[in-house]
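Sequence lines set the chain letters: A, B, ... in the order given, protein chains first and strands last, and positions in each chain run from 1.
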There are 2 protein chains.
Amino acid sequence: MDQLFQYFNKFNPLDQEAMQAIEAISRIITIKKNQDLQPIGHTCKTIYFIKKGMARIYYYKDGIDITDSFAFENKIIVRVESLFTGKPSRKAIQAMEDSEIIAIDAAKLFKLYDRYPGIERLFRKIFEASHVETVNRIEGIQFHSAEERYKALLSEAPDIIKRVPLKYIASYLGITPVSLSRIRGQR
Amino acid sequence: MDQLFQYFNKFNPLDQEAMQAIEAISRIITIKKNQDLQPIGHTCKTIYFIKKGMARIYYYKDGIDITDSFAFENKIIVRVESLFTGKPSRKAIQAMEDSEIIAIDAAKLFKLYDRYPGIERLFRKIFEASHVETVNRIEGIQFHSAEERYKALLSEAPDIIKRVPLKYIASYLGITPVSLSRIRGQR
DNA sequence: CTGATTATTTATCTTATGATAAGAGAATAG
DNA sequence: CTATTCTCTTATCATAAGATAAATAATCAG
């Protein structure tokens with residue numbers, strides 16, 4: 001749990017009582033590579049923190065597996081469009097390596113917001129940061145070529161190609177695996 | 001101000017005192033068509049609510065004017081990536097019609113969060129909703145053709161073509177004005 | 001109202017990426 | 001270890017969108 005609270009400290013430090021309250025609604029999950037943490041069609045009721053390993057959010061478009069996003073160690077992974085709307089998500093969360101994940105019960109967390117304003121503030125800030133990332137990503141997708149996006153990804157997360165099959169990177173970049181291979185090849 | 005509080009009610013109703021506190025840090029701006037509400041390079045310190053008229057967020061990429069987003073009546077418009085990071089924004093906000101806009105001082109607003117948890121909660125929910133929109137937009141950009149995106153925009157905001165020059169819609173859709181014209185022409 | 005500016009369309013040519021297919025290379029189960 | 005399956009690359013052809021230029025159409029300032 002320490003690892004989680006260290007992550008929290010970067011956004012909004014909590015007092016002992018608040019930390020205990022969060023600990024009480026969390027549990028540690030171990031999950032094998034390629035298993036779904038949350039299936040498609042499920043309403044998001046959990047906030048996940050990756051202690052060890054990695055995961056991705058994916059969905060199917062016209063029968064094709066599309067990676068929406070990746071999350072590595074010490075990151076939160078959540079299907080925002082379901083968590084904040086209460087609607088079922090068309091996306092799933094899948095472990096991409098054997099992983100240890102802290103699962104925080106979202107309904108219980110939201111209830112804590114009334115008693116612990118520091119917790120509400122913490123998660124507000126966490127999601128604000130992720131909101132900013134999302135806004136910036138739009139610019140990247142819309143106005144950079146696939147090649148530029150691939151190179152940008154490499155410099156942001158150089159180890160990603162060692163840990164993630166290229167086909168998942170391709171759909172994350174919005175291109176086919178064939179195109180990604182072509183981009184990688186020309187050199 | 002009524003119009004603003006009605007908008008707030010859809011997210012988290014405020015008590016009288018909280019409403020007055022917000023009113024005290026807000027002012028109404030009237031602005032002419034094509035004027036900048038906020039220039040490029042400025043750090044976002046204001047949250048705008050469009051009472052009447054409309055606005056867009058834009059920036060320059062390689063010297064070309066790119067529209068990031070539009071906002072119509074009864075919507076908030078904000079450069080999230082600057083407001084939440086405190087960094088200067090490469091984007092500007094421009095009125096696209098003669099407009100009346102409520103400007104809420106962000107620094108003062110954030111100070112109100114401590115005394116009025118309802119206000120913190122209100123804005124948390126407002127930005128959560130905008131976060132969800134942003135996440136969904138990524139999917140639209142990445143996995144739909146320009147033609148599909150144009151048609152989707154038309155059905156979401158049918159009057160947009162009457163109010164917004166096509167060149168702005170084109171860059172919002174991530175294509176050139178020439179391409180948009182071609183898409184519109186084929187029919 | 002009129003000329004000047006700005007926005008939109010149309011045409012031509014180029015290019016990046018998609019679709020498909022086939023083969024090479026890795027990973028995995030038994 | 002071997003066979004099967006999965007992943008990646010390479011090649012070919014098709015297509016959507018970019019770049020550029022030029023012609024209309026619409027808007028705006030005086």
Q. Any side-chain heavy atom of B:K91 sitting closer than 4.5 Å to one from B:E81?
A. yes

Q) What's in the same ILVMFWY side-chain cluster as B:V178, cut-off under 4.5 Å, chained through other members? A) none

Q. Does A:M96 have any side chain to side chain contact (heavy atoms under 4.5 Å, CB included) partners at least two apart in sequence or in another chain, and if so, which?
A. A:M54, A:R56, A:F70, A:V164, A:P165, A:Y168

Q) Who passes ring pair (Phe, Tyr, Trp, His ring centres under 6.0 Å) against B:F11, sequence neighbours left out? A) B:Y7

Q | B:K33 side-chain N/O to D:dT27 phosphate OP1/OP2 under 4.0 Å | A | no

Q | Within-4.5 Å side-chain heavy-atom neighbours: B:K151 and B:E147 | A | yes

**Q.** Presence of salt bridge, A:R124 and A:E120, under 4.0 angstrom
**A.** no

(Q) Quick test of your reading of the model: are A:K51 and A:D2 salt-bridged, counting only N-O distances below 4.0 Å? (A) no

Q. Is there a path from B:F127 to B:I102 through hydrophobic residues (I, L, V, M, F, W, Y) whose side chains come within less than 4.5 Å of each other?
A. yes

Q) With side chains defined as the heavy atoms from C-beta onward, is the minimum distance between A:R121 and A:L14 less than 4.5 Å? A) no

Q) Should side-chain heavy atoms under 4.5 Å link Ile, Leu, Val, Met, Phe, Trp and Tyr, which residues sit in the same cluster as A:I57? A) A:I29, A:I31, A:L37, A:Y48, A:I50, A:I77, A:I93, A:I101

Q. So which of residues 161-182 of chain A are in contact with DNA chain D, with a heavy-atom cut-off of under 4.0 Å?
A. A:P165, A:L166, A:K167, A:V178, A:S181, A:R182

Q. Are B:L153 and B:I138 grouped together when hydrophobic residues (ILVMFWY) are joined by side-chain heavy atoms under 4.5 angstrom apart?
A. no

Q) Quantified as the angle between the terminal helix axes (five pairs each), what is the overall bend of the helix from C:dC1-D:dG30 to C:dG30-D:dC1 to 10 degrees? A) 60°

Q. Under 4.0 Å between a Lys/Arg side-chain N and an Asp/Glu carboxylate O for B:R163 and B:E73?
A. yes

Q: Among Ile, Leu, Val, Met, Phe, Trp and Tyr joined by side-chain contacts under 4.5 Å, find the other residues sharing a cluster with A:Y60 and list them by chain and number.
A: A:I40, A:Y58

Q | Partners passing side chain to side chain contact (heavy atoms under 4.5 Å, CB included) against A:K61 (at least two apart in sequence or in another chain) | A | A:Y59, A:I66, B:F143, B:H144

Q) With sequence neighbours left out, what residues match B:Y116 under ring pair (Phe, Tyr, Trp, His ring centres under 6.0 Å)? A) none

Q.
Please list, in numerical order, the residues of residues 57-72 of chain B that have a heavy atom closer than 4.0 Å to any atom of DNA chain C.
A. none

(Q) Quick check on contacts: within residues 136-148 of chain B, what sits under 4.0 Å from DNA chain D by heavy-atom distance? (A) B:S145, B:A146

(Q) With a strict under 4.0 Å distance from non-hydrogen atoms of chain B, what nucleotide opens and what nucleotide closes the contacted stretch of DNA chain C, reading 5' to 3'? (A) C:dA7 to C:dT12

